[in-house]
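For reference, the structure discussed in these notes is given below.
Order of appearance sets the numbers: ligands from 1, and atoms from 1 within every ligand. Computation of the quantities below employed the complete heavy-atom set of this structure, encompassing side-chain atoms and omitting hydrogens, waters and symmetry-equivalent molecules.
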Amino acid sequence: MAVTEKDLQELFEKMPSKVQKNRRKHILIKNGEIENPEIEANTRTIPGIITNRGCAYAGCKGVVLGPIKDMVHITHGPIGCAYYTWGTRRNKAKREDNIKNFINYSFSTDMQESDIVFGGEKKLTAMIDEVVEILQPKAITISATCPVGLIGDDINAVAREAQKRHGIQVLAFSCEGYKGVSQSAGHHIANNSFVEHVIGKGEQEEAPAKFSINLLGEYNIGGDGWEVERILKDIGYHVVSVMTGDGSWEQMRNAHVAELNLVQCHRSINYIAEKIETKYGTPWLKVNFVGIESTIKSLRDMALYFDDAELTARTEAVIAREVARVQPIIDQYAKLCQNKTAFCFVGGSRGHHFQGLFRELGIETILAGYEFAHRDDYEGRDIIPSIKPDADSKNIPDLHVEADPKRFRLKMSPEKLAELKQRIPLSDYPGMNVDMKEGHIIVDDLNHFETEEFIKLLKPDIFSSGIKDKYVVQKMGIPAKQLHSYDYSGPYAGFNGAVNFARDVSMGFASPTWNFITPPWKNSPALSGEMNEG
Ligand code: CFM
Ligand code: HCA
């Protein structure tokens with residue numbers, strides 16, 4: 001069933017008029033007659049609305065910094081903030097020779113009321129000294145939480161002093177939770193600091209091997225990054241650094257030597273790709289390793305970029321071998337998925353990326369959206385010049401970078417690069433809106449009220465989003481698949497990931513559990529009337 005403007009009208013009528021006015025701008029019904037309609041995104045959620053969004057601290061410490069394994073990440077704040085950004089995201093990391101791995105530890109100053117009253121700088125200083133004494137990390141991060149900004153602890157001064165005292169890099173991040181309208185502000189804060197203080201600071205001058213790449217915006221959730229690396233290494237690529245899944249400070253410092261940057265999640269990391277290009281001359285390529293077709297396309301785009309006969313042949317051989325291996329298994333699972341419908345609502349890029357994988361199984365995404373993406377993630381990169389300054393850029397000034405006179409190196413002639421840009425999505429990406437089908441819904445910052453209303457209207461066969469709404473949705477009788485943490489499963493990226501996803505989703509459909517749940521709309525009749533005994 002398609003949703004009409006009239007349905008939307010009825011849904012909005014249940015909201016207070018101010019909320020209606022605000023929310024109307026965040027919801028679109030895809031209508032081919034209007035090319036790329038404008039959607040409001042990356043603006044403040046109305047207080048009182050139950051949003052799935054997180055905060056700037058979550059985006060900085062939890063998302064971007066957290067997965068870097070050889071740095072100790074200190075949360076200066078209440079214990080809950082540290083715990084939330086440590087255990088639940090499932091960014092996996094392996095032990096490696098000569099690289100320490102602190103990923104299993106959560107470090108927090110565990111701020112108490114007395115620290116709020118008297119200040120917490122001394123406690124933070126003591127904690128850094130203790131960390132250095134016990135663990136001897138090569139670098140430390142300090143992330144601010146809301147109270148730090150409110151009481152005025154100067155974490156930058158503490159970091160500077162600690163850096164002098166211990167002779168190791170100590171980076172402070174002023175990512176107080178309220179700094180932006182969502183996690184997205186935190187991504188900016190983390191990335192700006194890396195561009196300024198970490199990337200390009202290593203000793204290496206040349207790429208250590210042919211076909212050297214960095215993998216940006218891959219956080220190794222459920223092992224996604226490992227599956228992507230497996231494929232890339234098999235083809236003959238050398239992965240210099242991954243930002244930041246199973247990543248390391250050590251490798252990031254030499255990221256400037258790579259010949260190409262791959263960008264998986266553009267929402268959280270496009271700034272780094274842009275800045276590295278300006279500073280070191282490394283072009284970037286938008287890739288998507290979620291879904292078989294997207295994985296194949298990404299691999300072929302990479303081969304086009306490097307333009308090497310042997311690499312291209314190897315790319316095709318690996319694709320052929322992998323597809324022959326996984327497709328028959330996926331086909332079996334896909335039988336259980338035909339003509340089903342999904343809602344796909346995730347934070348930044350996954351709300352878009354997973355639509356292709358759903359489609360390959362025979363599942364159509366009828367409603368999708370992002371928690372905190374910006375307009376370019378919906379409407380495509382082309383609209384960037386027309387975007388009015390958004391909430392993040394007002395709060396977090398853009399970092400100005402210039403070409404590094406010692407290390408800037410053109411990786412390819414400007415003519416060849418320009419010619420390639422005609423054929424592959426170098427420094428470009430289409431928005432989610434292009435992939436949505438006629439009549440399907442796009443919702444920015446979907447809230448819990450709207451979730452329930454849209455479920456009643458569209459009755460999807462599967463709902464994919466996060467932990468905050470999963471259980472409400474399951475109680476409505478709809479299988480829910482977390483696309484943040486993958487519900488203890490994964491990887492879902494690459495060829496093996498597509499098999500895992502097909503297995504998990506079809507299991508959701510095949511499970512008899514749903515027969516024991518009566519959705520609320522089945523308990524109350526759709527039509528109601530009164531008996532007239534006259
Ligand atoms: Fe990028 Fe991510 Fe996402 Fe994201 Fe996130 Fe995440 Fe996400 Mo949760 S970096 S934007 S801030 S792909 S943590 S690994 S799943 S909301 S869609
Ligand atoms: C975050 C992390 C998160 C939360 C997931 C969820 C993640 O935003 O702070 O709400 O289910 O992927 O772990 O996005």
Inset, instruction - State the atoms of ligand 1, each with its element, that fall below the 4.0 Å cut-off from a heavy-atom position in H187. - result: 11 (S)

Legend entry - Within 6.0 angstrom of E293 CD, more than 12 heavy atoms from elsewhere: no

Legend entry - atom 2 (Fe) of ligand 1 - nearest protein heavy atom and its distance: Y219 CD1, 4.0 Å

Legend entry - Listed partners of V443 passing side chain to side chain contact (heavy atoms under 4.5 Å, CB included), at least two apart: R23, I27, L367, I441, L446, E450, F454

Legend entry - N/O donor-acceptor pair under 3.5 Å between S464 side chain and F343 backbone: yes

Inset, instruction - Could you check atom 17 (S) of ligand 1 against the protein and tell me its nearest heavy-atom contact, residue, atom and distance included? - result: G348 N, 3.0 Å

Inset, instruction - With heavy atoms only and a cut-off of under 4.0 Å, state how E371 meets ligand 1: side chain, backbone, both or neither. - result: neither

Legend entry - Pairing residues for T45 by the side chain to side chain contact (heavy atoms under 4.5 Å, CB included) criterion, not counting sequence neighbours: I49, T51, R53, D445

Inset, instruction - Considering heavy atoms of the protein only, find what lies nearest to atom 8 (Mo) of ligand 1 and give residue, atom and distance to 0.1 Å. - result: H484 ND1, 2.3 Å

Inset, instruction - In plain terms, say whether K275 and D398 are close enough for a salt bridge, that is, a side-chain N and a carboxylate O under 4.0 Å apart. - result: yes

Inset, instruction - List the closest protein heavy-atom neighbour of atom 14 (S) of ligand 1: residue, atom name, distance to the nearest 0.1 Å. - result: R89 NH2, 3.2 Å

Legend entry - Under 4.0 Å to a heavy atom of S268 - the qualifying atoms of ligand 1, by number: 1 (Fe), 9 (S)

Legend entry - K475 atom NZ, neighbour heavy-atom count above 12 within 6.0 Å: no

Inset, instruction - Give the numbers and elements of all ligand 1 atoms closer than 4.0 Å to a heavy atom of V63. - result: 9 (S), 11 (S), 13 (S)

Inset, instruction - Walk me through it: do D376 and N270 pass the test side-chain contact (heavy atoms from CB on, under 4.5 Å)? - result: CA-CA 11 Å; D376 53 310; N270 52 26; 4.1 Å; yes

Inset, instruction - Mark yes or no: R253 above the aromatic ring of W249, with NZ or CZ under 6.0 Å from the six-membered ring centre and no more than 45 degrees from the axis. - result: yes

Inset, instruction - Answer with side chain, backbone, both or neither: which part of N91 has a heavy atom less than 4.0 angstrom from an atom of ligand 1? - result: neither

Inset, instruction - Please indicate whether Y178 has more than 12 foreign heavy atoms, meaning atoms of other residues, nucleotides or ligands, lying under 6.0 Å from its OH. - result: yes

Legend entry - With Y83 via ring pair (Phe, Tyr, Trp, His ring centres under 6.0 Å) - residues at least two apart: W86

With the criterion set at N/O pairs under 3.5 Å, what does the list of contacts between the protein and ligand 2 look like, atom names and distances included?
unit_1   : atom_1 : unit_2 : atom_2 : d
ligand 2 : 8 (O)  : Q183   : NE2    : 2.7
ligand 2 : 9 (O)  : Y84    : OH     : 3.2
ligand 2 : 11 (O) : I467   : N      : 2.7
ligand 2 : 12 (O) : H484   : ND1    : 3.1
ligand 2 : 14 (O) : H484   : ND1    : 3.0

Inset, instruction - May I have the step-by-step check of side-chain contact (heavy atoms from CB on, under 4.5 Å) for K138 and K100, ending in yes or no? - result: CA-CA 9 Å; K138 287 195 176 159; K100 289 189 177 176; over 6 Å; no

Inset, instruction - Tell me, with the steps shown, if D377 and H374 meet side-chain contact (heavy atoms from CB on, under 4.5 Å). - result: CA-CA 6 Å; D377 298 292; H374 300 203; 3.9 Å; yes

Inset, instruction - Take every heavy atom of F372, measure it against each atom of ligand 1, and state whether any distance is under 4.0 Å. - result: yes

Inset, instruction - For S349, take its heavy atoms, then give the atoms of ligand 1 lying under 4.0 Å from any of them. - result: 1 (Fe), 3 (Fe), 10 (S), 12 (S), 17 (S)

Inset, instruction - Report, in ascending order of atom number, the atoms of ligand 1 lying under 4.0 Å from any heavy atom of C265. - result: 1 (Fe), 9 (S), 10 (S), 12 (S)

